[in-house]
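A note on names: the letters A, B, ... follow the listed sequences, proteins ahead of strands, and every chain is numbered from 1. In this text the structure is predicted, and so the values were computed from the model without any measurement. Atom set for the values below is all heavy atoms of this structure, side chains included, hydrogens, waters and symmetry mates excluded.
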Amino acid sequence: NAGVTQTPKFQVLKTGQSMTLQCAQDMNHNSMYWYRQDPGMGLRLIYYSASEGTTDKGEVPNGYNVSRLNKREFSLRLESAAPSQTSVYFCASRDTEAFFGQGTRLTVV
Amino acid sequence: RKEVEQDPGPFNVPEGATVAFNCTYSNSASQSFFWYRQDCRKEPKLLMSVYSSGNEDGRFTAQLNRASQYISLLIRDSKLSDSATYLCVVNPFPGGYNKLIFGAGTRLAVHP
């Protein structure tokens, strides 16, 4: 049972480049989330999806877009990466408790 | 005011000590509360849910005080393996499909 799978695990981007972070869960959860974690800031919610076909902004959505492709998959896209988006990104899915992927460490130079 | 606030620590304690963390939340309508544990450079993992009546899981005890809007985590007989960051998590709305808000975490270091 894989749980929540994120890809890639590491990525270096140049300023202005775009990329998509992929997330898939196999627990049949309706809710999925994208967080970023910066030192001293804790996890901050970027976007979440309560069910297939719906997405909502979290605390820090600027510079990001999301797609809830189906019940299993929830992707996060950076259209034009900026150094301020250097962070660790976590995807999570939830029924009652939230399960997290292993994270993507993104560096924008 | 942040929605969820925690003392960042670090709490440095010897093995065998008892340590307590508090967390305050701003939304009085919050319904669900959790403690997560995060090891260095790893993903957060659920430690325990927090119920209105309080609950215990081995050496860990969680309490909820709705009147004062805080939750607490007590760790008894600390082990070296308890060294981690403890995250307070609040679901600010009723229902199971809304956002989870995380505190910034409290770091615990247990030494021999």
Side-chain angles (χ1 to χ4, degrees), chain A residues 2-7 9-10 21 23 25 27-61 66 68 71 74 87-106, chain B residues 1-10 21-27 30-52 55 57 60 62 71 84-108:
Chain A
V4 180
T5 303
Q6 279 182 246
T7 56
K9 287 187 170 50
F10 300 93
L21 281 64
C23 175
Q25 53 96 5
M27 294 173 282
N28 202 38
H29 290 163
N30 284 314
S31 297
M32 296 187 73
Y33 305 80
W34 276 105
Y35 289 89
R36 62 177 287 173
Q37 187 172 35
D38 303 294
M41 299 288 290
L43 281 89
R44 292 183 292 168
L45 183 63
I46 305 172
Y47 272 93
Y48 67 103
S49 171
S51 62
E52 183 179 351
T54 69
T55 61
D56 287 284
K57 295 179 180 179
E59 303 166 79
V60 288
V66 290
R68 184 73 183 267
K71 192 170 186 178
F74 188 38
S87 189
V88 181
Y89 291 85
F90 287 103
C91 176
S93 73
R94 178 182 179 222
D95 182 3
T96 49
E97 70 174 278
F99 293 86
F100 285 81
Q102 292 183 309
T104 297
R105 298 184 184 281
L106 175 67
Chain B
R1 182 184 173 188
K2 291 182 180 178
E3 288 194 69
V4 180
E5 295 201 70
Q6 295 181 249
D7 182 340
F21 309 137
N22 283 335
C23 164
T24 58
Y25 59 95
S26 61
N27 186 334
S30 299
Q31 294 294 314
S32 304
F33 309 89
F34 309 89
W35 283 102
Y36 276 71
R37 170 192 169 128
Q38 186 174 26
D39 294 297
C40 188
R41 300 177 73 81
K42 298 285 190 180
E43 73 274 22
K45 292 184 179 179
L46 180 70
L47 179 66
M48 57 198 302
S49 301
V50 185
Y51 303 120
S52 296
N55 48 301
D57 183 2
F60 299 85
I71 67 174
T85 296
Y86 290 83
L87 304 170
C88 172
V89 185
V90 175
N91 177 199
F93 301 101
Y97 298 113
N98 290 290
K99 55 187 178 182
L100 292 176
I101 302 299
F102 282 73
T106 298
R107 199 153 61 89
L108 172 66

| said: Is B:Pro44 in contact with chain A via its backbone, its side chain, both, or neither, using a 4.5 Å heavy-atom distance? | reply: both
| query | Which bit of B:Gln6 is near chain A, if near means a heavy-atom gap under 4.5 Å: side chain, backbone, both or neither? | reply | neither
| said: Less than 4.5 Å to any heavy atom of chain A: does that hold for the side chain of B:Arg41, its backbone, both, or neither? | reply: both
| task | Walk me through it: do B:Tyr36 and A:Phe90 pass the test ring-ring contact (aromatic ring centres under 6.0 Å, His included)? | result | CA-CA 14 Å; B:Tyr36 276 71; A:Phe90 287 103; over 10 Å; no
| message | What I want to check is whether the side chains of A:Asp38 and A:Ser87 have a donor and an acceptor closer together than 3.5 Å. | response | yes
| said: For A:Arg44, which atoms come within 4.5 Å of any heavy atom of chain B: side chain, backbone, both, or neither? | reply: neither
| task | Answer yes if the side chains of B:Glu43 and A:Gln6 hold a donor-acceptor pair under 3.5 Å, and no otherwise. | result | no
| remark: Closest heavy-atom pair, A:Lys71 versus A:Met32, reported as atoms and distance to 0.1 Å, is O-SD, 3.7 Å
| message | With a 4.5 angstrom heavy-atom cut-off, is it the side chain or the backbone of A:Leu43 that approaches chain B, or both, or neither? | response | both
| said: Classify the ring geometry of A:Tyr48 against A:Tyr33: parallel below 30°, tilted from 30° to 60°, perpendicular beyond 60°. | reply: parallel
